[in-house]
Amino acid sequence: MKRSTAFGLAGAAVLASTALTGATAQAAPELRFGPCPQDISKPYPQMQCADLDVPLDYHDPGGEQVRLMVSRLPARKPASRRGALLVNPGGPGGPGISFAGGLSKKLPPAVLDSYDLIGFDTRNTAHSTPISCVDPGSYWKTPLPDPDSPQTREQNWERAQQYADGCQQRAGKYLPQLNTPTNARDMDRIRQALGEQKISYLGYSYGTYLGAVYGQLFGEHVDRMILDSSVDPSTPDVWYRDNLRQDVAAQRRLDLYFDWIARYDGVFHLGTDRDQVRAAWQGVQDDLRRAPHGALGPSEFVDTTFNALYGESSWITLANALSDFHNRHDDRKLVQQAKPKDAAAENENAIYNAVECGDAPWPARRAEWERDSAAVARKYPLAAWYNSWTVAPCRVWHAPHGDPVKITGAGLPPVLMFNSVHDVATPYEGAQQMHRSLPSSVLVTEKDAGKHGVYALAGNTDADRIGTDYLVDGKLPEGDTTIPGHAKPDPTKPGATAKQLDLG
């Protein structure tokens, strides 16, 4: 889930599994697969794409429609095909079709032999009638205001208001339906259009929450389900609390990153223990607070650091950039990482806010946000304010919010879960809560690791074996189990980099 549930009207969640399920059950048109857009077909020439129209509002299924794009990579061994595997990368707002293409390079051969791999861009994302809330060239022009400074607090609140207003002005008719239950109903339309009685599902990050909601509403249509890096579904203000928990996990993961850098002081020369490396990192941040280096300011530095903690694929790159800045006063490598949001990234940000703002209640009082952010920042300063500003438009959101669907797992078949213990975006405690909410689930814990996304993404052979045995043969561990963590990159080896597919 990039920083990281009802259908629009508060109190309407009680209708989720009754009135609207019937509307969703209407026949969906057949998908007509053909060539994908060039940005998909060029890197993934074997993938096929199709459009699917779904109701803008499932209360009015015959009214205005929204066009979704769906992709398919047919099972490589038709005689062994056992169904369709829908995949979702999370976000909310992650482009699902391009992710399906990347995932096809990582999934074990037995899975690709057995399933049609189905990707989809959730409504108003990427190729599915995309929206934006602001002009990215002006709103996201770097450097952005310092997220931590009291002197820029008013400016950051003004930006949040501007973003919420922009979403209403540019995409207002879509906002009431941008939420997780609607995405789940779209998934069931995809199932129908594929001609499948049941679907299997592989969801990461926010995709775990989407999968859990789909299972709650349409459990009879679930075959096999993997939820990897899970959101805590148990709190009534799910996303507000989730962001605060991320702040704690991020600080702990940052310390582990500093430990890793210190282990290779002969390469990076930033210190031989965690405290020395932290001091070097803080020295860079202090320098940027005195004066930005071109597009690189304190906000961009936090953003770069925070994103690096989702996996290890950029650990060497960031450590080298820190070393150059700290030891040689050379800012070039670090400045290169300060990339402003382009149109695609703005679309992801718009959906991230719209779905989270629409899914659940948010505090309306500015003082409550500031109190909670300041309290977290005292012990866990890396992302406390930065993360709050990411979702601050939800305080003044113009569309109504719902109440989260209660997840009980009633009627679901066995579900397989993965989570690393030091995950930043979906902290491990949230996976434990999801596990408790799904009585038929088995939780596989990756110890000594913090990669966001484990199965097929982290390079963990134990995880890949367990997940593949389940998807292909229906075999699960006898109970919850813990597996060793995957290998971390070794910068002393030429060409060393983490062979991972990153989320977020």
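Below, all heavy atoms of this structure are taken into account, side chains as well, without hydrogens, waters or symmetry copies. Given the structure is predicted, the values throughout are model-derived calculations rather than measurements.
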Set of ring-ring contact (aromatic ring centres under 6.0 Å, His included) partners for Y201, sequence neighbours left out:
none
Mind checking ring-ring contact (aromatic ring centres under 6.0 Å, His included) for Y470 and listing every partner two or more places apart, or none if nothing turns up?
none
Would you list the atom pairs, donor with acceptor, under 3.5 Å between side chains in residues 36-43 and any protein atom, with sequence neighbours excluded?
{"unit_1": "D39", "atom_1": "OD1", "unit_2": "H127", "atom_2": "NE2", "d": "3.1"}
{"unit_1": "D39", "atom_1": "OD2", "unit_2": "H127", "atom_2": "NE2", "d": "3.1"}
{"unit_1": "S41", "atom_1": "OG", "unit_2": "P37", "atom_2": "O", "d": "3.3"}

Is the distance between the ring centroids of [X] and [Y] less than 6.0 Å?
X    : Y    : result
W362 : W397 : no
W389 : Y163 : no
F99  : Y204 : yes

Ring-plane angle category for W239 and Y206, please: parallel below 30°, perpendicular beyond 60°, tilted otherwise.
tilted
Using the ring of each side chain (for Trp, its six-membered ring), is W157 parallel, tilted or perpendicular to W369, with breaks at 30° and 60°?
perpendicular
Looking at [Y] and [X], is any side-chain nitrogen of the basic one under 4.0 Å from a carboxylate oxygen of the acidic one?
X    : Y    : result
R241 : D232 : no
R366 : E154 : yes
D462 : R465 : yes
D275 : R278 : yes
D423 : R253 : no

Tell me, please, whether Y139 has R159 positioned over its six-membered ring: NZ or CZ under 6.0 Å from the ring centre and within 45 degrees of its axis?
yes
Going by the ring-ring contact (aromatic ring centres under 6.0 Å, His included) test, which pairs reach into residues 326-348, not counting sequence neighbours?
none
For K447, all residues meeting side chain to side chain contact (heavy atoms under 4.5 Å, CB included), sequence neighbours excluded:
T482
With sequence neighbours excluded, what pairs up with R170 under the side chain to side chain contact (heavy atoms under 4.5 Å, CB included) test?
S132, D135
